[in-house]
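Input: a single structure, listed below in structure tokens.
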Protein chains: 2
Amino acid sequence: MSTSDRRQTGGGRARRVDAEANRSRILDVAEQVFGAGGESASTEEVARLAGVGIATVFRHFPTKAALLRAVLVRRFDRLREQAEALLDTADPGTAFFDFFRHLVADAATKIAIGEALLDAGGDSDGEAAEASNGLRRAVGALLRRAQQAGAVRDDVELPEVYALLVATSRTAAHAGLDEEVRARALTIVFDGLAPHRHQPGAG
Amino acid sequence: MSTSDRRQTGGGRARRVDAEANRSRILDVAEQVFGAGGESASTEEVARLAGVGIATVFRHFPTKAALLRAVLVRRFDRLREQAEALLDTADPGTAFFDFFRHLVADAATKIAIGEALLDAGGDSDGEAAEASNGLRRAVGALLRRAQQAGAVRDDVELPEVYALLVATSRTAAHAGLDEEVRARALTIVFDGLAPHRHQPGAG
DNA sequence: GACTATACGGAGTCTCGACTTCGGATATCA
DNA sequence: TGATATCCGAAGTCGAGACTCCGTATAGTC
């Protein structure tokens, strides 16, 4: 309900099926390409890997920014759905920490996602910001539930938790950080989020 | 002893004082410009703000990458010196946590620094990698000392600690994360680094 | 099978930014 | 002060990548 409903409403005829298939393939490829190379990857490469001409890409997405936005919206929506699904999980603590881990692992192969997690919140266009906020709210719900269950300390709030989520995701997105180190770093963060602790390192 | 010693050795005459002044000013401006806008900021803007022609920038630094590298080397060296100075501080725990906080705050106004903290380690040229490793080693020394003093748990190692340092620095570097949230996020990380805790959120 | 709106791809244009050229200025030294 | 090696800036070149034009192909409809 976020994308791909353009001509359906408004009177004009529906999109041709080949055009719809191309649009979908372009989105898939763009997610991979921008995921691997960041947003500096070229539109031409997306077209080539999708097996279409560059004009076709620009016909479906008027600017490169629009394409990137569409990719991000889809990704954010998917992550939000996964987060919301976890709200039904039996153990709130497991749900929260698992999703944290999942998002970081997911971002590890998607540079642009990690970057965008941050950027989309502030500026950006309405749709992308909305998708980003949707994800943020879902994380907030997981957090609150985990706190009520006593799995996360009560004195932390969404902004700093989300900041840590973004920070670890963005860093995991780049090469050079192997999986084991990432897991150990997350363990430290999770320990910091756990209840029953005193204040260290205060200046 | 890392930069600015070019013509001094080797027989040729020393650099003219106006040239040396320009070189220094270019480095200062470049640090600001790349700090604020990331490495995508243009060389021409550096030249303009430094009050010189663009050719002068390229005369001193043969490529944009070389300029960026010079900026980073200088910055890394400076941070390393600060870290090493803290090794004489009375309290090892305070030294470690203060430097962590300092580095994150420093990176908050220097996008390129945060990015480079990560990148320089892996590839990059010899000089930049060396400077980066120097900083990493200095952080390692602070960490070990803090652990011996019982201010940081014994079962964490430099890779994951450095990863967290990089992660929080990079994220702090972008807009939209206010100072208070940053401080609260760091508190969580520091709590995770503190000794005497059980394992939460394990899956 | 023919007709047509829709979609396609290749070959452009246009802008931007890294880097060079070269004639003119100036610090340095005698 | 005069000679000159060094340094400077304005105006280029060059390549890359975002975006457009237009003749051709094809899905959808009869």
Side-chain angles (χ1 to χ4, degrees), chain A residues 3-30 32-34 36-72 111-112 125, chain B residues 4-30 33-34 36-72 111-112 125:
Chain A
T3 28
S4 79
D5 46 0
R6 207 54 55 90
R7 296 278 177 78
Q8 260 63 329
T9 56
R13 185 176 303 193
R15 226 193 316 264
R16 254 165 53 174
V17 296
D18 55 342
E20 183 57 43
N22 274 339
R23 181 195 167 87
S24 170
R25 190 146 23 91
I26 289 168
L27 267 180
D28 288 342
V29 169
Q32 287 185 303
V33 170
F34 291 137
E39 58 183 306
S40 70
S42 75
T43 312
E44 193 185 350
E45 193 183 354
V46 173
R48 193 169 44 79
L49 291 179
V52 301
I54 191 166
T56 298
V57 175
F58 280 101
R59 193 168 305 110
H60 285 289
F61 306 94
T63 64
K64 179 182 178 178
L67 171 57
L68 200 47
R69 223 183 295 139
V71 168
L72 292 175
I111 292 183
D125 115 299
Chain B
S4 81
D5 47 359
R6 207 56 53 88
R7 296 282 176 79
Q8 260 64 332
T9 57
R13 186 179 301 195
R15 228 192 315 265
R16 258 165 54 174
V17 298
D18 56 343
E20 184 58 44
N22 274 338
R23 182 195 167 86
S24 170
R25 189 145 25 90
I26 289 169
L27 267 180
D28 289 342
V29 169
V33 171
F34 291 137
E39 57 183 308
S40 71
S42 74
T43 311
E44 193 185 350
E45 193 183 353
V46 173
R48 193 170 45 78
L49 291 179
V52 301
I54 192 169
T56 299
V57 175
F58 280 100
R59 194 169 303 112
H60 285 289
F61 306 95
T63 65
K64 179 183 178 178
L67 171 58
L68 199 47
R69 221 182 297 140
V71 169
L72 293 174
I111 292 183
D125 117 297

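Chain naming here is simple, since letters A, B, ... match the order of the sequence lines and numbering starts at 1 in each. Heavy-atom basis, side chains included; hydrogens, waters and symmetry copies ignored.
- OP1 or OP2 of C:dA18 has at least one side-chain nitrogen or oxygen of B:Thr43 nearer than 4.0 Å.
- At a non-hydrogen distance threshold of 4.0 Å, A:Thr63, A:Lys64 from residues 61-68 of chain A come into contact with DNA chain D.
- Judged as a side chain to side chain contact (heavy atoms under 4.5 Å, CB included), and not counting sequence neighbours, the contacts of A:Asp28 are A:Ser24, A:Arg74.
- For B:His60, no side-chain nitrogen or oxygen approaches OP1 or OP2 of D:dC7 to under 4.0 Å.
- At a threshold of 4.5 Å between non-hydrogen side-chain atoms, the residues A:Phe34 and A:Leu72 do not count as touching.
- For DNA chain D, the residues of residues 48-55 of chain A within the heavy-atom distance limit of 4.0 Å (strictly under) are A:Ile54, A:Ala55, sorted by number.
- Evaluation of the side chain to side chain contact (heavy atoms under 4.5 Å, CB included) rule for A:Glu44 yields A:Ser42, A:Ile54 as partners, not counting sequence neighbours.
- Partners of B:Ala21 under the side chain to side chain contact (heavy atoms under 4.5 Å, CB included) rule, at least two apart in sequence or in another chain, do not exist in this structure.
- Neither OP1 nor OP2 of C:dT26 sits under 4.0 Å from any side-chain N or O of B:Arg16.
- Going from atom CD of B:Glu44 over to atom P of C:dT15 covers 16 Å, rounded to whole Å.
- The side-chain hydrogen bond (donor to acceptor under 3.5 Å, both in side chains) search around B:Arg59 returns none, not counting sequence neighbours.
- In this structure, A:Phe61 and A:Thr43 have side chains that are not in contact, with every pair of non-hydrogen atoms separated by 4.5 Å or more.
- Separating the CG atom of B:Asp18 from the P atom of D:dG9 is a distance of 10 Å, rounded to the nearest angstrom.
- The line from CG of B:Leu49 to CZ of B:Arg25 is 11.5 Å long, rounded to the nearest 0.5 Å.
- Toward the 5' end of DNA chain D, the nearer of the two residues B:Asn22 and A:Ser40, judged by each one's closest nucleotide, is B:Asn22.
- Counting to the nearest Å, the C1' atom of C:dG17 and the CZ atom of B:Phe58 are 8 Å from each other.
- Looking at the side chain of A:Ser42, the nearest of the listed nucleotides D:dC7, D:dT20, D:dG17 is D:dG17.
- Side-chain proximity of A:Thr56 to the nucleotides C:dG9, D:dA18, C:dG17 is greatest for C:dG9.
- Every residue two or more places apart in sequence or in another chain was checked for a side chain to side chain contact (heavy atoms under 4.5 Å, CB included) with A:Ala36, and none qualifies.
- The CZ atom of A:Arg59 sits 11 Å away from the C1' atom of D:dC21 (whole-angstrom rounding).
- For B:Glu45 and C:dA18, the CD to P distance is 11 Å, given to the nearest whole Å.
- One can place CD of B:Glu20 at 16 Å from C1' of C:dT28, the figure rounded to the nearest angstrom.
- Among residues two or more places apart in sequence or in another chain, the salt bridge (Lys or Arg N to Asp or Glu O under 4.0 Å) test is passed with A:Arg48 by none.
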